[in-house]
Each structure stands twice: as C-alpha cells, then as structure tokens.
Number of protein chains: 2
Amino acid sequence: MARLPEYLRALHSLAENGHETVSSEGLASAAGVNSAKLRKDLSQLGSYGTRGVGYDVGLLIEQIEYVLGLTQRRAVALVGVGNLGHALAGYDGFASRGFRIAALFDADSGRVGEEINGLVVRHVDELPRVAAEESIAIGVIATPAPAAQQVADQLVAVGVTSILNFAPCVLSVPAGVDVRKVDLAIELQILSFHEHRKASLTALPTTGGSALTALPGGLAVTESQEAIGT
Amino acid sequence: MARLPEYLRALHSLAENGHETVSSEGLASAAGVNSAKLRKDLSQLGSYGTRGVGYDVGLLIEQIEYVLGLTQRRAVALVGVGNLGHALAGYDGFASRGFRIAALFDADSGRVGEEINGLVVRHVDELPRVAAEESIAIGVIATPAPAAQQVADQLVAVGVTSILNFAPCVLSVPAGVDVRKVDLAIELQILSFHEHRKASLTALPTTGGSALTALPGGLAVTESQEAIGT
DNA sequence: AGGCGCTTGTGAAGACGTGCACAAATCGCG
DNA sequence: CGCGATTTGTGCACGTCTTCACAAGCGCCT
Ligand SMILES: NC(=O)c1ccc[n+]([C@@H]2O[C@H](COP(=O)([O-])OP(=O)(O)OC[C@H]3O[C@@H](n4cnc5c(N)ncnc54)[C@H](O)[C@@H]3O)[C@@H](O)[C@H]2O)c1
Ligand SMILES: NC(=O)c1ccc[n+]([C@@H]2O[C@H](COP(=O)([O-])OP(=O)(O)OC[C@H]3O[C@@H](n4cnc5c(N)ncnc54)[C@H](O)[C@@H]3O)[C@@H](O)[C@H]2O)c1
C-alpha cells in the first residue's frame with residue numbers, strides 16, 4: 001500500500017515524542033487517515049497489534065521498514081543538477097529516511113566537477129561505470145522534459161528498475177521498470193480546479209452555475225487530504 | 001478529475017508539434033492512460049469530439065483550462081525560501097502553466113530582502129498586508145516540518161483556501177480548505193517497496209519467499225505508471 | 001447519394017477501495 | 001480469579017473507478 005510510508009513517518013514522529021505504543025485511532029489521526037483503513041492496512045502485514053493496548057511503535061517501525069525494503073540503504077542516482085537538482089542534492093531528508101544519494105550526473109560540462117554536499121557532479125556518460133561500482137537502485141530524473149526520456153533509457157540500460165521523474169512528461173519504459181512522477185504544476189492545477197469549483201458554488205448557489213462547472217455528480221479528485229465541507 | 005492536468009500537458013505538447021486534432025487513442029498514449037478512461041473523462045466536460053475524426057486540440061485545451069479555472073492566472077505565495085524554496089521560486093514552469101508567483105516569504109530575517117527571479121523575499125509577518133494587495137489564491141509551504149502547521153494557520157487566516165505542502169507532515173485545516181502534499185521521501189519509499197518486492201520474487205520463485213513479502217493478493221500501490229509485467 | 005472505415009460516447013460488468021459495526025482478544029483491577 | 005474497559009482484526013455492504021465492447025455518428029471516397 002502507498003500509505004505505509006505515511007504511517008512510517010507518523011510512527012517515527014511518535015517514537016521521538018516518547019510513545020511506546022499507539023492505538024489505531026491515534027496513529028490514524030497522526031497519519032491523516034481513517035482508523036479502520038489503517039487497521040486493515042496493518043493487518044495485511046501480519047498481526048502486530050495487541051487488542052486492548054494498541055501497536056508497539058518500535059516493532060511496527062521495524063516491520064514496515066522491512067516490508068518497504070528499507071533495511072538496506074538504497075543508493076540513489078540523481079541526473080540533472082540544475083535548479084531543482086541542487087535542492088534535492090542538498091536535502092538531508094533522504095538520508096534520514098533510508099536512502100543514500102550515491103552519485104550526481106549532468107550533461108552540461110560546465111557543471112561537471114562541481115561539488116555539492118560532499119558529492120562531485122559527474123558527466124552522464126560515466127553512468128555505466130558508476131552504476132557498476134555503486135549498484136544504483138533508484139534513479140531520479142531532474143532534467144528538462146525533452147531530455148528525460150533519453151536519461152530514462154540510459155538508466156534502464158545500466159539496470160535501474162525504479163525511476164522518480166520530475167520532468168513534466170510521460171516516460172516509456174520496458175516492463176519490470178517502475179516509474180513514479182512528481183509534477184508540481186499538476187498539483188497546482190488540481191488546487192486551481194478546486195478553487196474554481198468553490199468559487200462557482202458560492203457565487204451562484206441558486207442557479208447552480210454554468211453547465212460546465214455544475215457537473216452531474218461533481219468531479220472527484222483522488223489523493224491528498226480534502227476538507228471541502230459544508 | 002485529477003487526470004485533466006495531465007491531458008492538458010499532453011495537449012499542449014501535441015499543439016506545439018502542429019497537431020490540430022487527436023484521437024482518443026493518441027491522446028491517451030501521450031498522457032499514459034487507457035483510451036476508454038480518457039473518453040469517459042472528456043465526455044464529462046461535454047461533447048467536444050467529432051466521431052470519425054477525434055478531438056480539436058485547440059478547443060479541448062480551451063475547455064480543460066476553463067474547467068480547471070486557469071482562465072484567470074492565479075497568484076501563488078511561497079513561504080519558506082530555503083533549499084527547496086529557491087528552486088521553486090526560480091522555476092519557470094509555473095508561469096507557463098497558468099500561475100504567477102506573487103510573493104516570497106521567510107521567517108529568517110537574514111533571508112528577507114534577498115531578490116530571486118525579480119521577486120524580493122519578505123518577512124512572513126507581512127503576509128496579511130501582501131495577501132490583501134495581491135489576492136493570493138494558493139499558498140505553497142516549503143518550510144521545515146515543525147513550522148508547517150503554523151504557516152498553514154497563517155495562510156488560512158489571510159483567506160487562502162488551497163495549500164500545497166512540501167513539508168513531511170500532515171496539516172490540519174478547517175473545512176473548505178484544500179491541502180495537497182508532496183513528499184519526495186514517500187515517493188522513494190514506494191519505489192523501494194517495489195524494488196524489494198521484485199527482488200524477493202526473483203530470488204525465490206518456487207518457495208514464494210518469506211511470509212511477509214508474499215502477501216495474499218499482493219499489495220497494491222496506486223498512482224503513477226507501473227509496468228511490472230510478466 | 002450511398003457505403004465504408006474510423007472514432008466517439010456510453011451501458012454494463014467487474015474489480016477495487018472504503019468505512020461501518022461488531023466479535024474476539026487482551027490487560028488491569030478489584 | 002473474574003469482570004469490564006479497551007482495542008484489534010475483519011465480514012459485509014456500499015460507492016467509485018476501470019475496462020470492455022458496441023452502437024451511433026461523422027467524413028471521405030467512389
Ligand atoms: N525547479 C523547480 O522547482 C521545478 C519544479 C517542478 C518541476 N521541475 C522540473 O524539473 C526539471 C528540472 O528543472 P530545473 O529547474 O532544475 O531545470 P534546469 O534547467 O535548472 O536544470 C536542468 C539540468 O539538467 C541538465 N541536463 C540537461 N540535459 C541533460 C541530459 N541529457 N543528461 C543529464 N543532464 C542533463 C542540465 O545541464 C541542467 O543542469 C524540469 O523538467 C522541470 O520542469 C522543476
Ligand atoms: N530540499 C529538498 O529537496 C526537499 C525535498 C523534499 C522535501 N523538502 C521539504 O521541504 C521543506 C523545506 O526544505 P528545505 O531543504 O528548503 O529546508 P531549508 O531549511 O533549506 O529551508 C527552510 C526555510 O524555511 C524558513 N522558515 C522556517 N520557519 C519558517 C516560518 N515559520 N515561516 C516562514 N519561513 C520559515 C527558513 O528560514 C528557511 O529559509 C522541508 O520540510 C523539507 O523536508 C525539501
């Protein structure tokens with residue numbers, strides 16, 4: 001389940017605050033989900049809760065980390081050390097959550113050699129050699145969109161089977177390779193959609209607004225917290 | 001629907017390449033979705049396709065932009081101009097997709113006054129005044145997690161009803177306020193999970209691996225392209 | 001004008017996720 | 001030792017999303 005990492009973060013936060021056990025209710029509210037959903041998710045991992053008490057925070061962290069494959073610290077290669085790439089390279093949140101940025105790559109020879117956070121930027125042509133040395137598990141693409149497909153192909157060629165893509169484009173990859181995408185403009189547009197919907201609802205509550213905005217069942221947007229109420 | 005922005009991006013890309021019409025099949029593959037799903041999504045907006053021909057790219061762009069509320073360029077306030085905030089402030093992908101970064105805020109007085117991309121960083125205390133001037137529609141939080149809730153409260157207080165949160169924590173907001181979250185570590189952990197699953201599947205194909213990794217129906221992870229095959 | 005190929009729009013079936021509600025289980029306390 | 005308070009784990013029902021499959025509609029070519 002995609003919610004496991006969220007639970008894990010909430011658990012770490014609870015552990016830091018000294019909690020040794022949590023009820024499903026408490027963990028659910030900390031993770032921002034329904035308590036029944038949380039229990040169902042956790043029961044999929046096996047029964048690690050005690051009825052009448054709750055879940056052992058430490059044990060649960062261990063179990064979730066095992067299921068997520070975080071027992072081994074995976075090596076991440078970041079390709080494209082531009083505006084966004086710099087921020088990512090300098091981010092310490094990866095290291096603290098089970099990942100190690102193992103290498104930085106860029107195609108711009110002006111950037112090659114630059115040192116960021118103790119890592120030196122290499123030319124993307126060195127990817128095969130470095131991948132062999134470091135056993136890269138995950139590739140992060142932070143290049144402009146036109147270069148993303150090519151970079152993805154290069155990553156796949158050196159054996160990377162998981163890619164996180166920040167470029168606003170769809171990547172085509174062979175079966176067995178997993179791609180996740182983060183597109184900030186899409187997130188903003190979804191928010192804009194809600195703004196638009198909220199505005200047209202309050203503006204014309206009686207007439208119901210124009211035909212386009214007053215859709216039959218309303219448009220559903222999945223993911224994320226949504227507190228559109230009354 | 002949360003897929004509309006993806007369609008919009010694909011349409012813009014097609015328009016740049018000179019296409020005047022697209023079939024649902026073509027647009028679907030460009031957006032990385034099923035063609036039936038795409039047709040059903042578009043039919044919700046009204047009938048803007050011609051049977052036997054396809055969809056008019058320009059008209060469809062116009063319609064989707066209207067539904068998403070992109071006809072008005074919304075003002076975005078960015079709070080937290082640190083590592084990530086700098087990258088966001090310098091990103092031109094927002095402007096080209098219907099948004100305008102209207103103001104930058106930070107609590108660190110050392111950063112206040114700094115100019116990024118033509119915008120000067122202001123102190124977060126000025127938020128009420130600036131919000132009144134600029135009519136901020138969307139707030140982006142790029143502060144450390146401990147400060148995120150407080151910033152969210154401040155944003156809500158000045159009338160912001162849509163928040164994009166980069167801090168790894170859940171925000172509690174009143175009903176009517178919409179929050180979307182981007183957590184890169186979670187994305188990586190989901191990829192790690194797939195890596196782990198792939199590894200244990202190939203390692204022990206006959207025994208089926210340990211009880212934890214060989215779960216009843218397999219764990220489903222939503223979102224994103226997944227090409228785990230054969 | 002008529003037929004043919006192509007594409008949209010949609011009905012229906014199935015898969016999936018969600019949340020309620022409750023039985024089973026455990027702990028603490030008298 | 002037993003009882004009640006508390007919390008997990010889960011059966012069930014409901015709503016949503018997805019996908020297939022096909023009729024209806026449109027344009028082009030003869
Ligand atoms: N900056 C942001 O805040 C932000 C936000 C959302 C999305 N994005 C996306 O992230 C990507 C990068 O954004 P950015 O602002 O860092 O752009 P950028 O232009 O600052 O950086 C891109 C970097 O990629 C390098 N590059 C180009 N082609 C390459 C190749 N074939 N191999 C390796 N490296 C190559 C360039 O040399 C450059 O250093 C873009 O696709 C952008 O749309 C950025
Ligand atoms: N850098 C990344 O690539 C990255 C990636 C994923 C997530 N994040 C998250 O984004 C957030 C910011 O990351 P960062 O690397 O930019 O951190 P950072 O420490 O570089 O920047 C944080 C900025 O927020 C400012 N700030 C602190 N409290 C504030 C307040 N109350 N009001 C206004 N501004 C305040 C600080 O002065 C600082 O400038 C963090 O929550 C981090 O976990 C960052």
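Small disclaimer: the values here were computed from a predicted structure and weren't measured. Each chain gets a letter, A, B and so on, in the order the sequences are listed, and its residues count up from 1. When reading the values below, keep in mind they use all heavy atoms of this one structure, side chains included, and skip hydrogens, waters and symmetry mates.
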With sequence neighbours excluded, residues passing salt bridge (Lys or Arg N to Asp or Glu O under 4.0 Å) with A:Glu62: none

Got a list of protein N/O to nucleotides 27-30 of chain C N/O distances below 3.5 Å?
none

Heavy-atom contacts under 4.0 Å between residues 11-30 of chain B and DNA chain C, which residues? B:Val22, B:Ser23, B:Ser24

Among residues two or more places apart or on two chains, list those pairs meeting salt bridge (charged side-chain N to carboxylate O under 4.0 Å, His left out) that have a residue in residues 16-29 of chain A. none

With a 4.0 Å cutoff (strictly under), does any side-chain N or O of B:Tyr48 reach OP1 or OP2 of C:dT7? no

Quick one: side chain to side chain donor-acceptor pair (under 3.5 Å) pairs with a partner in residues 142-157 of chain A, sequence neighbours left out? A:Gln149-A:Asp153

The criterion is ring pair (Phe, Tyr, Trp, His ring centres under 6.0 Å); which residues satisfy it with A:Phe166, sequence neighbours excluded? none

Check salt bridge (Lys or Arg N to Asp or Glu O under 4.0 Å) between A:Arg74 and all other residues, then give those that pass, not counting sequence neighbours. none

Does A:Ala77 have any side-chain contact (heavy atoms from CB on, under 4.5 Å) partners at least two apart in sequence or in another chain, and if so, which? A:Phe105, A:Ile136

Mind checking what makes side-chain contact (heavy atoms from CB on, under 4.5 Å) contact with A:Ala95, not counting sequence neighbours? A:Arg73

Report the residues that fulfil salt bridge (Lys or Arg N to Asp or Glu O under 4.0 Å) with B:Glu195, sequence neighbours left out, ordered by chain and then residue number. B:Lys198

Sequence neighbours left out, what passes salt bridge (Lys or Arg N to Asp or Glu O under 4.0 Å) with B:Arg51? Give chain and number order. none

Degree of bending in the helix from C:dA1-D:dT30 to C:dG30-D:dC1 once both end axes are built from five pairs, to 10°: 0°

